[in-house]
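Comments concern the structure below.
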2 protein chains.
Amino acid sequence: MTSSGTIPIGELSRLTGCNIETIRYYERIGILPAPVRRGRFRRYDTSGVRRLAFVRRARELGFPLDTVRTLLFLAEGGGHSCEQAREVAEIQLADVLAKRADLDRMAVVLGDLVQACGAGDAAGCPLLEALSD
Amino acid sequence: MTSSGTIPIGELSRLTGCNIETIRYYERIGILPAPVRRGRFRRYDTSGVRRLAFVRRARELGFPLDTVRTLLFLAEGGGHSCEQAREVAEIQLADVLAKRADLDRMAVVLGDLVQACGAGDAAGCPLLEALSD
DNA sequence: CTTGCATCTGTAGTCGCTACAGATGGTAGG
DNA sequence: CCTACCATCTGTAGCGACTACAGATGCAAG
C-alpha cells in the first residue's frame, strides 16, 4: 500500500458529481491544488474530496469562481471569517434576486404571448407583432 | 441628398439602445444584413432600425440568437408563422421558468445562510459550515 | 496479441458580447 | 494652414465557466 486512501480522478468525479474535465480545469486555474500523483495519474485524498465538494456546493449557489476562491480562503480560517462570508453571500443573494426579477418579467411577457398565440383568431401573430412593435 | 433617410451606426445605436460593437457583431454573424455604405460608413434606413429593434426585444425576452434568427425568418412571412412562433416561445418560457426555479432555490438557501450568519452566536460560521458539510 | 479502459496533455469551441489597438476621414477652432 | 477631435472603420483578443475534442500512454483482461 503506497497510498491506500487515495482515489483516481474518475472516482472523485463520481463522488462529487463533477465532470473530470472540470476538475482538471479547476486545478489549472488554481481553485484546486495540484494533487499527489501515482505515476502520471492524479490521486485524491479526503481533503481533496472535501475541497471539491465545497466548490461544487458554492457553485450550486451561484457564487462565481473568484468568490469561491475567497470562500475557500475564509473556510481555511482566514481572518474574520463569518463577517466576510456573510458579506459575499449578501452580494450573491442580491445578484440572484435581481436575476430572478429579470426572469419574472420575461416569464410574464412570454406567458401572455404564448396565450395570445394559442387563441389564434385575429390576422397576424401576436408574438411576432409584439416583437415588431 | 444622396441617401436622405439613412442614419449612421452611432445613431442606430442611440435609437435602439444597442451597443455599436454589438451591432457590428450582429452583422458579422448574419443576424443583421450588411447595410448600404456611404464610403466606408454603414448607413441604416427604417427597415434596418426596425430589424435591430426586433432583435433587441427578442433578446430582452431571453431568446438565444439562433432562435432570434428563426423569429426574424417567421416575421418575414416564412411558413406557418404563428404556430411555429408559439412553439419557440413555449420552449423559451420553459427555459425561463426552469432558470427561475433554480434561482428560487438559491435565494432560499442564501437567505437562510445570511440570516444565520447575522445572528452570530455559535462558534463557527453557519455559511462556511454549510458549504463544508 | 489485441482490445478496451482510464487517464494524460494541449488546444479549440461554446454564447453573447465587450474591449481594445491602430487606421481613416471629416469638421471646427486657432 | 495646421491641429485637435470625433465618429467610424477593421481585426483580434478577452470574459466566465466550462465542454469537447485529438492524440498519446499505460495497464489488465480475454
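Values in this document were obtained by computation on a predicted structure and should not be read as measured data. To find a chain, count down the sequence lines: A is the first, B the second, and so on, and within it residues start at 1.
- Between A/Arg28 atom CZ and C/dA12 atom C1' there is a gap of 11 Å when expressed in whole angstrom units.
- The residue B/Phe63 sits apart from the nucleic acid: no heavy atom pair falls under 4.0 Å.
- In summary, B/Arg69 and B/Asp66 engage in a salt bridge, as defined by a charged side-chain N under 4.0 Å from a carboxylate O.
- Atom CD1 in A/Ile23 sits roughly 10 Å away from atom P in C/dC8 (whole-Å rounding).
- Note on A/Arg43 versus A/Glu11: no salt bridge recorded, every NZ/NE/NH1/NH2 to OD/OE distance being 4.0 Å or above.
- Rounded to whole Å, atom P of D/dC15 lies 11 Å from atom CG of A/Asp66.
- Among the heavy atoms of the strands lying under 4.0 Å from B/Ile20 are primed sugar atoms or P, OP1, OP2 only; no base atom is included.
- In terms of heavy-atom proximity, B/Leu103 sits nearest to A/Arg100 at CD1-N, 3.6 Å.
- Where B/Phe41 and B/Asn19 meet DNA chain C, the nucleotide closest to each residue was compared, and B/Asn19 sits on the side nearer the 5' end.
- The distance between atom CD of B/Glu27 and atom C1' of D/dC9, rounded to the nearest whole Å, is 11 Å.
- A donor-acceptor contact under 3.5 Å links the side chain of B/Arg40 to the base of C/dT24.
- Contacts between residues 46-59 of chain B and DNA chain C, counted as heavy-atom distances below 4.0 Å, involve B/Arg59.
- Regarding B/Arg37, its CZ atom lies at a distance of 12 Å from the P atom of D/dT8, rounded to whole Å.
- Listed nucleotides: D/dT8, C/dT18, D/dC18. Nearest to the side chain of B/Arg24: D/dT8.
- In plain terms, the two heavy atoms of A/Leu127 and B/Ala89 that are nearest each other are CD2-CB, 3.3 Å.
- Counting only heavy atoms from C-beta on, A/Tyr25 has its side chain closest to D/dC18 among D/dC18, C/dT18, C/dC8.
- Residues A/Arg38 and A/Thr6 form a side-chain contact, since some pair of their non-hydrogen atoms from C-beta on lies under 4.5 Å apart.
- Taking atom CD of residue A/Glu21 and atom C1' of nucleotide D/dG23, one finds them 14 Å apart after rounding to whole Å.
- Whole-Å rounding puts the B/Arg38 CZ to D/dC9 P distance at 12 Å.
- In this structure, B/Thr22 reaches the C/dT18 phosphate: one of its side-chain N or O atoms is under 4.0 Å from OP1 or OP2.
- Per the geometry, CZ belonging to B/Arg42 stands 15 Å off C1' belonging to C/dG25, to the nearest Å.
- As judged by a 4.0 angstrom heavy-atom cut-off over every strand, A/Ile29 is placed among residues making no nucleic acid contact.
- With respect to the salt-bridge test (charged N to carboxylate O, under 4.0 angstrom), the residues B/Arg105 and A/Glu60 do not qualify.
- Between B/Tyr26 and C/dG16 there is no side-chain polar atom (N or O) within less than 4.0 angstrom of OP1 or OP2.
- The residues A/Glu21 and A/Arg28 are annotated as not salt-bridged, no charged nitrogen and carboxylate oxygen being separated by less than 4.0 angstrom.
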